[in-house]
Each structure stands twice: as C-alpha cells, then as structure tokens.
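Everything below concerns the one structure shown next.
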Amino acid sequence: MPITFESLALGEPLQRALRDREYTTPSPIQEQTIPLVLEGHDVMGCAQTGTGKTAAFALPILEHLSDNPYKAKPRCPRVLVIAPTRELASQIAKSFTDYGQHLPFKSTVIFGGVGQNPQVKALQRGPEILVATPGRLIDLMQQGRLNLRDLEVFVIDEADRMLDMGFIHDVRKIIDKLPDDRQSLFFSATMPRSIIDLSEKILKYPRHVRVTPPATTVEKIDQSLCHVAKTNKPRLLEHLLREQEDGLALVFSATKHGANRIAEQLNRVNINADAIHGSKSQTARERALANFRAGRISVLVATDIAARGIDVKGISLVVNYDLPKEADCYVHRIGRTARAGAEGRAVSMCDELSHSLLKDIHKVIRMEIPVVDDHPFHNEPTDEMRNAKPQPQGGNRGGGGRGRSGGRGRSGGRGRRSGGGNRGGGGSARGGSSQGRRSSSRRQTA
Ligand code: AMP
C-alpha cells in the first residue's frame with residue numbers, strides 16, 4: 001500500500017498545510033527521512049534539489065517544535081539550517097513558512113550582500129527557525145547578535161556545494177559553536193571523501209537515506225561514446241556541436257580551469273559558449289544560465305557541482321568532454337537532456353587516460369555505452385590503454401553509493417556503433433566529485 005502523509009506521524013496543522021498545497025503522497029526522500037527525524041535520529045541524506053528534500057526535513061522539524069511549543073529567546077534560535085546560496089536559503093525559509101502556516105513559530109533568513117540591520121532586528125524578535133548562509137551567520141555571531149546555545153536541530157543542506165564554494169572553514173567555525181546535545185541532519189547530492197569527513201564531525205550514529213534520479217529520464221537518452229586522443233578533444237567537440245543542428249548543448253569539464261578553456265576555445269571558432277563553475281560569482285553564474293536559457297549562448301560548459309539544479313528545457317545534447325571521476329555523476333549529467341519527455345543525446349569522450357573511469361561507468365549503468373567510431377578523430381584504444389590503472393584521484397573519492405540508469409543504443413544516424421546495449425538499472429558506485437576550496441566569491445554569495 002502506498003505511504004500517505006496521513007500515515008506519517010505529523011500533526012493536524014501540518015496535514016492541513018499539506019492539503020492546502022495538494023501534496024498527497026510523500027516523495028521517496030520524505031518517506032525515508034520523516035520517520036527517522038521524528039524518532040530523533042541524525043540523518044545523512046544523499047539527494048538532489050527537486051526530490052522534495054526540503055519538506056523531508058522541514059516537516060519533522062516543525063512537528064518537533066509543535067510537540068515542544070515554547071518560544072525561542074531573542075537571538076537564540078532552536079533550529080538552524082545552513083545553505084550555500086541566498087536563493088536556496090530563501091527557498092528553504094519560505095518552505096518553513098508555508099508548511100508551518102498553521103503553527104505559531106517564526107522563521108527568518110539571513111544572508112550577505114544586503115544590509116544587516118533588518119536581519120539583526122528579525123533575530124531580536126526571537127525566531128524559532130533560522131536559515132542562513134555561512135558568511136553572514138558568522139559575522140552576526142562574532143558581533144554577539146546571534147547565539148546558538150539553545151539550538152536543538154542543525155541542518156546542513158547541499159553540503160557538497162558548500163565545500164565547492166569554499167565554505168569549509170566557515171562551516172567548521174559554526175560546528176564549533178553548536179551545543180553537543182542536538183539533532184543533526186546532513187544533505188548532499190554527492191558523497192566524496194571530503195563530504196564524508198565533514199559529516200563525521202557533525203553526525204552521531206547517523207541513519208543513511210538516499211534517492212537517485214528516476215530511471216525513466218535516462219531511458220530516452222541516446223548515449224554514445226567516442227574514443228579520442230586527449231589532444232583532439234577540442235576538435236571533436238567542435239565537430240559534435242556543428243553536427244547538432246539545433247537545441248542547446250551542455251558540456252561537462254572535470255575542472256574549473258578546463259571549463260573556462262573549453263568555452264574560450266569554442267568562442268574562438270564562433271560557437272557562443274560560456275562556463276559556469278564554483279569559482280564564478282553567483283551573479284556571473286546566473287547571467288550565464290539566463291543567456292543559455294534564452295538561447296543567447298548555445299553551449300554551456302560546466303563542472304558537476306555548478307551544473308546541479310540546471311533544469312533547462314531544450315538541452316538536446318550533453319557532452320562529457322571529460323568523463324566524470326565518480327561514475328554516479330554520469331547518470332546525473334546525462335539526465336540534463338531528455339527533460340519533460342523529450343529525446344536527448346549524450347556523447348562521452350574517452351581519451352587514452354580515461355579507460356578506468358569508463359569501466360566504472362559501465363559498472364554503474366550495467367551496460368556498455370555504444371561506441372561511435374566513424375568520426376574524424378577516432379582513436380582505437382590499445383590493450384594497454386584499456387588495462388591502464390586508475391589515475392591518482394587527489395584523495396577525493398569515497399563514500400557508498402548506488403546509481404540507477406537505463407540506456408538505449410540507437411543504430412544508424414550519426415555513425416556506426418559497436419559494443420553492448422543491454423538495458424539495466426542499479427549498481428554500486430563510489431560517490432563524490434568535489435573538493436572544498438576557498439573561493440574569493442564568498443562575500444558575493446553569502
Ligand atoms: P525540493 O527538492 O525540496 O526543492 O522540492 C521540489 C519541489 O517539489 C518543490 O516545489 C516542492 O514544493 C515540491 N514538493 C515537495 N514535496 C512534495 C510532495 N510530497 N508532493 C508534491 N510536491 C512536492
């Protein structure tokens with residue numbers, strides 16, 4: 001029998017708010033997380049935005065407050081949620097207001113880039129729930145305008161993006177100020193080693209929950225693989241983009257510098273492109289995304305974390321210029337095309353050094369990506385290349401993970417393919433893709 005919100009132990013005021021919003025069925029992350037949070041467990045959740053993650057923590061937190069309905073003291077919130085960007089923080093705060101509309105609790109949001117006085121006044125009014133970006137939170141704590149001694153629940157959302165944007169030191173400072181006796185919830189879309197290390201500092205005996213993108217999105221994607229020498233990748237990319245008659249293209253690069261370089265190379269051959277990654281300011285990223293959405297640029301080059309949350313209709317081609325270091329990411333990347341029932345195409349480039357990454361992807365998707373070998377830059381792999389040991393990863397691999405996918409080879413069309421094409425879903429992969437790095441854009445985003 002499907003689980004309903006009524007069967008979860010949420011009180012009438014929350015049930016009413018859910019009915020107001022016409023939410024009938026909990027999403028998978030909500031189904032798994034809500035009971036654990038209500039039982040008081042710490043939770044480590046692997047989920048992306050768009051899965052219903054916010055309600056998965058906001059609803060049981062509001063239920064906890066309504067079971068213990070005392071007012072927070074001025075400047076001493078009972079719940080703290082930290083998020084990497086002001087947009088996400090505002091969205092989370094709005095969710096608390098919406099879901100808590102029939103409850104007496106106050107929430108407020110604080111972030112940088114705007115005057116602090118209204119935020120100081122709002123803290124003075126004693127909100128039970130505080131949603132914040134790390135930089136402004138620390139500023140206000142250091143000024144003595146905020147005290148976390150009464151904190152009961154701490155949530156960190158999009159932890160991987162937080163690290164990618166350079167917030168690791170700020171996050172550590174915040175953790176140091178939290179009372180030991182608290183419940184902690186930790187959400188991240190990927191689970192690299194750096195994220196697992198951070199979670200271990202925050203969580204006690206956590207329960208793990210994980211949701212993966214729906215398999216149906218990848219079944220519609222025409223996947224192919226090009227073997228190419230590393231030096232020929234720019235020319236193959238240009239060839240693929242010129243071959244694509246219309247629609248937008250999203251190109252994935254392993255590094256931020258690589259993303260900049262690819263975009264520059266494309267602009268030099270008159271293909272309008274821009275790059276987005278964690279070292280660009282929020283404003284620059286939003287501008288690039290708006291230009292891409294409007295079709296003013298036809299190619300966006302992105303790193304994995306920056307591409308998170310890109311939900312742009314009309315992406316007809318995804319190119320894995322570099323194969324992802326974490327095989328789970330392959331499914332997330334190619335899921336950017338074929339949105340809303342449309343067909344999409346995903347081409348992956350495998351150079352002489354990337355065969356071990358390719359093997360990992362094949363394990364996760366339980367099929368071999370069909371090879372296209374009649375493009376001008378085909379580089380037939382030797383046995384030596386195929387059997388090469390994995391490249392050093394700089395220590396950012398790790399974590400448990402599962403990826404789901406289905407795939408479909410398509411014969412004819414753009415080239416001859418060889419290799420397996422059996423469909424399947426499920427499998428194991430080690431998760432993770434990003435390393436924390438301090439970014440100069442911090443003050444612009446928090
Ligand atoms: P989130 O992943 O938290 O950003 O949520 C994604 C979207 O799904 C938001 O617009 C929510 O309002 C919506 N949503 C969350 N939970 C449910 C649900 N159980 N039923 C319908 N919509 C939902």
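We count ligands from 1, going down the list as the structure has it; atoms in each ligand are counted the same way. This one's a predicted model, so the numbers in the text were calculated from it and none came from an experiment.
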*Got the closest protein heavy atom to atom 10 (O) of ligand 1, with its distance?*
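Sorting protein heavy atoms by distance from atom 10 (O) of ligand 1 puts Tyr23 OH, 4.9 Å first.
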*Could you find the nearest protein heavy atom to atom 6 (C) of ligand 1 and give me its residue, atom name and distance?*
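Its nearest protein heavy-atom neighbour is Gly50 CA, 3.8 Å.
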*Determine whether more than 12 heavy atoms belonging to other residues, nucleotides or ligands lie under 6.0 Å from atom NZ of Lys121.*
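No, NZ of Lys121 has 12 or fewer neighbouring heavy atoms, counting only those of other groups under 6.0 Å.
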*asked:* Just checking Asp67: does its CG atom have more than 12 heavy atoms from other residues, nucleotides or ligands closer to it than 6.0 angstrom?
replied: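 Yes, because the 6.0 Å sphere around CG of Asp67 holds more than 12 heavy atoms from other groups.
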Check: [Y] and [X] side chains under 4.5 Å, non-hydrogen atoms:
{"X": "Phe187", "Y": "Thr51", "result": "no"}
{"X": "Ile61", "Y": "Gln183", "result": "no"}
{"X": "Leu148", "Y": "Pro77", "result": "yes"}
{"X": "Phe57", "Y": "Val37", "result": "no"}

Ligand-residue contact atoms, ligand 1 with [X], heavy atoms, under 4.0 Å:
{"X": "Thr54", "result": "1 (P), 3 (O), 4 (O)"}
{"X": "Lys53", "result": "1 (P), 2 (O), 3 (O)"}
{"X": "Thr25", "result": "18 (C), 19 (N), 20 (N)"}
{"X": "Phe5", "result": "19 (N)"}

*Under the 4.0 Å line, does any protein heavy atom show up next to atom 19 (N) of ligand 1?*
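Protein heavy atoms within 4.0 Å of atom 19 (N) of ligand 1 - there is at least one.
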*Can you find a protein heavy atom under 4.0 Å from atom 8 (O) of ligand 1?*
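No.
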*Nearest candidate to atom 15 (C) of ligand 1, where distance is taken over non-hydrogen atoms, out of Gln91, Gln30, Glu22*: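 Residue with the shortest heavy-atom distance to the ligand atom: Gln30.
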*Considering residues at least two apart in sequence or located in another chain, which fulfil the side-chain contact (heavy atoms from CB on, under 4.5 Å) criterion with His64?*
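His64: side-chain contact (heavy atoms from CB on, under 4.5 Å) contacts with Asn68, Arg78, Glu152, Val153.
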